[in-house]
Amino acid sequence: MHTIATVETWDGENGVGVLRGDAFPGGTCWVLWHTIDAPGYKTLTPGGAVEVDFEEVSQEGHSARAMRVIPIVT
């Protein structure tokens with residue numbers, strides 16, 4: 001599935017975070033650094049918008065897992 005979401009948290013040291021969006025079951029989605037589709041260092045900014053392809057699966061207490069994340073640059 002595909003949606004627009006907001007980065008809720010990002011731990012740059014471990015390369016993990018949480019996205020928030022209405023399309024996610026339970027409202028949140030787990031994200032890992034390797035799913036970020038951007039050049040250079042793979043990181044996200046809390047409060048930033050992203051396009052995300054995700055699957056509904058339990059991951060680290062969230063009911064969705066990101067498969068591909070594209071930061072939206074404004």
Side-chain angles (χ1 to χ4, degrees):
M1 289 181 247
H2 184 83
T3 192
I4 303 294
T6 302
V7 179
E8 184 170 279
T9 64
W10 181 252
D11 177 347
E13 186 173 313
N14 293 306
V16 299
V18 176
L19 306 178
R20 178 159 298 280
D22 293 336
F24 305 132
T28 60
C29 178
W30 182 252
V31 60
L32 296 169
W33 69 271
H34 66 84
T35 63
I36 302 170
D37 188 353
Y41 183 72
K42 310 292 186 191
T43 189
L44 296 173
T45 302
V50 294
E51 288 183 50
V52 58
D53 293 324
F54 69 96
E55 63 181 349
E56 293 183 24
V57 61
S58 180
Q59 180 80 43
E60 300 298 321
H62 305 278
S63 52
R65 174 175 56 204
M67 303 304 292
R68 181 175 182 225
V69 177
I70 303 170
I72 299 173
V73 180
T74 56

> With clusters built from Ile, Leu, Val, Met, Phe, Trp and Tyr whose side-chain heavy atoms come within less than 4.5 Å, directly or transitively, what are the remaining members of the cluster of I4, listed by chain and number?
Replying inline: I72

Which donor-acceptor pairs under 3.5 Å do side chains of residues 49-57 form with protein atoms, sequence neighbours excluded?
residue, atom, partner, partner atom, Å
E51, OE1, H2, NE2, 3.3
D53, OD1, H2, ND1, 2.6
E55, OE2, R65, NE, 2.9
E55, OE2, R65, NH2, 2.3

>> Exactly one of T9, V18, V69, V16 should register a side-chain contact (heavy atoms from CB on, under 4.5 Å) with L44. Which one does?
In response: V69

>> Suppose we screen for salt bridge (Lys or Arg N to Asp or Glu O under 4.0 Å). Which residues come up paired with D11, at least two apart in sequence or across chains?
In response: none

> With sequence neighbours excluded, what pairs up with E60 under the salt bridge (Lys or Arg N to Asp or Glu O under 4.0 Å) test?
Replying inline: none

> Does any pair with a residue in residues 38-49 pass side-chain hydrogen bond (donor to acceptor under 3.5 Å, both in side chains), and if so which ones, sequence neighbours excluded?
Replying inline: W10-T43

Could you tabulate the donor-acceptor pairs under 3.5 Å formed by side-chain atoms of residues 19-33, not counting sequence neighbours?
residue, atom, partner, partner atom, Å
R20, NE, E8, OE1, 2.4
R20, NH2, E8, OE1, 3.1
T28, OG1, H62, ND1, 2.6

> In the single-linkage hydrophobic clustering (I, L, V, M, F, W, Y; side-chain heavy atoms under 4.5 Å), do M1 and I36 co-cluster?
Replying inline: yes

